[in-house]
Amino acid sequence: MWRPGEAAPSRSSTLTADSLLSSSLTSSSDTHATILPPSQHPNPNALPIQAHRKQLLYALEHNPVVVVVGETGSGKSTQLPQYLVSGGWTENNFQVCVTQPRRLACVTLAQRVSSEVPRSMASQVGYAVRFEATTDSSTKIKYLTDGLLVRETLTDALLAQYSVVVVDEAHERNLNQDLLFGLLKKIRKQRPELRVVICSATINAESFREFFATPEHPGCIVSIDGRQHPVETMYLTTPCPDYLRGAAETVLKIHASEPSGDILIFLPTAEDIESCIRMTEELKKATPGGRGMQLSLLPLYAALPHHMQTAPFQKSPPNTRKATFATTIAETSVTLPDVKFVVDAGFVKQPYFDSTKGFERLLVTATSQSSARQRTGRAGRTAPGKCYRLYTHDTFNSFLPSTPPEITRTSLSNFVLTLKTLGVDNVMSFDLLSAPSVNAMAFSLEELHALGAIDEKGKLVPGVGDLMGEFPVEVKFAKMLIESVSLGSTEEALSIAACSQVQSIFLFARSSTQKRDRDAAIGAIVHDSGDHLTCVNVLRSNDWRSMDYCRENFLNHKALMKVAEIKNQLKRFMLKMTAGSLPGVGEDGDDELVLKALVKGFVFNVARMMPDGNYRTVRGNNVVEVSRASMFAEFGKHAEYIVFEHTEDNPRKYGLLQVCGVSAINGNWARSKSGEGERGGVSVFM
DNA sequence: GAGCACTGC
């Protein structure tokens, strides 16, 4: 017998593309759970976790670390904290905290639990996310983002206010979670009374238990049933040569032959989504089908304008079937109601850190088995469903069992700097669930050294590294902010650092007339050095605060509001750091000094024009092309040297790095430390 | 020939 969440290869049907939708073939469900839908369980006492209340409290009484395995809908995120309160874990002013990867989850969980507890306790359930908190000293249950808990360790290294720390959604293995696992293990050595609960949806709970196990306390694992409806999983017998066409055809076949129920299609990129919608549209004209039922095709990805993101969440009007074409955003971040059919192309666009070049790259790759199962599960949230995998069973078996943890795929500079700020100098000896790549670690140490954050021995440099570690921004931006103080361009550096944390402060043009209007509007505010001073220009006037002005000038008002909020927070950090004296803040600085500060942080991201007309990075000698997404590509002046914020891969020109966030600079500003003509970096920090 | 995996401090 296989287990919930695992595929059942021997019992899944194998189909050809043509018979993919034939109901005569036998197939099996992807989970064994047959449980009533949530709507029939208004009483939280009926949640699957309820049967485990005593077991959980007993386990925690006797084991300092407990791993809870529970599928979606088991009720662990809402009920477990309440059990902890009733079990006495919040006595003596202690708090119980539950971490979540996403802000929205913190807010909704806190609201929900607050409404479930006795009225006298409602105000003792709160949440804390960046810019927003409803917690105080009377709080007993606190939901917070895992990133915020990491930052709390900077001010309270032992997390002394908490008796129990619950790390939820641990199977995601994001960088903050892995950092927390290491920190919690360390904290437990000094605070053995601290209890740790790891909640994970997958069955590899054993690795969590093992990580925290000691000879006296081996830890324990508690499994809880989920509440998921069965989903039939179907594979192709022969690989699909064109997943866009395959997806479009499958959607139309579902529409023609299946009873009502919405469709969710997983594709790797926004571009794929737009062209697959067009393709489905055209195929539909040729072969209508659907027995008079309407089919509405909707895109869903993060970069979509906000007003277009709401449609997939509306209930379908009668006689209409929604088909939502989505990226991984629909895998974990958001949940669409009423999805009964999932079509999975089997690909994902993911970043990985190229430590030889020192840049993060985005590549389309095969998804993992666990994410394929997660996608499948999206068909069984309200009723039994079906999942059509646009690949063969052998292909599924060739997928990695799970997505590699973020720590193995990302730049480690901020991670290392945080550890050093917390006093962990020997980062190689810090206990982690998964080891990062040695090359990525070496690159980050080299970068931190080049930025002056650490010395040759790997120790934090006072007045630079310690301050950089406090900033909630990437290390390159932290360095820019610190350098801007002596240059007198802090106001602008704050604008640039804040802008880097939103997708884009500009809106996209859809039609060609819009494009003309947009070019005219942006042409009036753009700075010919490129993206950075353009963003400074936008924020220098307060015109953006008017929504009408934004609409007319293709500015993203919502993004700019967020930029202003981030800028304020960063400004508070800066003022605290410089004891309240910041020359130039609130005044316009010299444009040249703004770019000089930027280059101090982005020494590794400088490129020089070669005689053949290509830009090559000064460090690494890689050819880079300015992305059309950059203002510099369209409005920039000729420049021998440029600085860029990040790189992206162009799928049409494989291997050629595109750069965005580009500004023209004077090469002399970068020459000292960028590695040109000298061997950059340091050797060993073991 | 036309821009955009996804979180988070």
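Order of the sequence lines fixes the chain letters, A, B, ..., with proteins taken first and strands second; residue numbering starts at 1 for each chain. Predicted, not measured: the structure shown is a model, and the values here were computed from it.
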Is the shortest heavy-atom distance from the side chain of Lys476(A) to the side chain of Glu447(A) under 4.5 Å?
yes

Measure from the side chain of Ser333(A), starting at C-beta and using heavy atoms only, and say which of dC6(B), dC4(B), dG8(B) lies closest.
dC6(B)

Rounding to an integer number of Å, can you tell me how far Asn176(A) CG sits from dC9(B) C1'?
8 Å

Side-chain donor-acceptor pair present, Thr327(A), Lys349(A), cut-off under 3.5 Å
no

Rounded to whole angstroms, how far apart are CD1 on Ile273(A) and P on dG3(B)?
14 Å

Name the nucleic acid region contacted by Arg130(A), choosing base, sugar-phosphate or nothing; use a 4.0 angstrom heavy-atom cut-off, strictly under.
base

Would you indicate what Pro101(A) reaches in the nucleic acid, counting non-hydrogen atoms under 4.0 angstrom: base, sugar-phosphate, or nothing?
sugar-phosphate

Tell me: CD of Gln501(A) to P of dC4(B), nearest whole Å?
21 Å

Of the nucleotides dA5(B), dG3(B), dT7(B), which has the atom closest to the Lys349(A) side chain?
dA5(B)

Whole-Å distance, Phe266(A) CZ to dA5(B) C1', equals 13 Å

Please determine whether a side-chain nitrogen or oxygen atom of Thr327(A) lies at a distance below 4.0 Å from atom OP1 or OP2 of dC6(B).
yes

Rounded to the nearest 0.5 Å, what separates atom CZ in Phe266(A) from atom CZ in Phe347(A)?
15.5 Å

Whole angstrom is fine here: how far is it from CZ in Arg375(A) over to C1' in dC6(B)?
12 Å

Within the pair Thr328(A) and dA5(B), is there a side-chain N or O less than 4.0 Å away from OP1 or OP2?
no

Whole-Å distance, Phe508(A) CZ to dC4(B) C1', equals 5 Å

note: Gln374(A), atom CD; dC6(B), atom P; distance rounded to Å ~ 16 Å

Can you tell me if Arg628(A) touches the phosphate of dC4(B), counting only side-chain N or O atoms and a distance under 4.0 Å to OP1 or OP2?
no

Would you kindly give the CD-to-P distance between Glu274(A) and dG3(B), to the nearest whole Å?
10 Å

Proximal nucleotide (of dG8(B), dG3(B), dA5(B)) relative to the Arg518(A) side chain
dG3(B)

Which comes earlier along DNA chain B counting from the 5' end, the contact point of Arg151(A) or that of Glu648(A), where each point is its nearest nucleotide?
Glu648(A)

Give the table of side-chain donor-acceptor pairs shorter than 3.5 Å for residues 305-313 of chain A, with sequence neighbours excluded, one pair per line with atom names and distance.
from: His306(A); atom 1: ND1; to: Lys558(A); atom 2: NZ; distance (Å): 3.4
from: Gln309(A); atom 1: NE2; to: Tyr301(A); atom 2: O; distance (Å): 3.2
from: Gln309(A); atom 1: NE2; to: Ala302(A); atom 2: O; distance (Å): 3.0
from: Gln309(A); atom 1: NE2; to: Leu304(A); atom 2: O; distance (Å): 3.1
from: Thr310(A); atom 1: OG1; to: His307(A); atom 2: O; distance (Å): 3.2

What nucleic acid atoms does Leu148(A) come within less than 4.0 Å of, heavy atoms only: base, sugar-phosphate, or nothing?
sugar-phosphate

List the residues meeting side-chain hydrogen bond (donor to acceptor under 3.5 Å, both in side chains) with Asp354(A), not counting sequence neighbours, and say none if there are none.
Thr356(A), Arg361(A)

With heavy atoms under 4.0 Å as the rule, sort Val150(A) into base, sugar-phosphate or nothing.
nothing

Most 5' of Ser500(A) and Arg409(A) on DNA chain B, judged by nearest nucleotide:
Arg409(A)

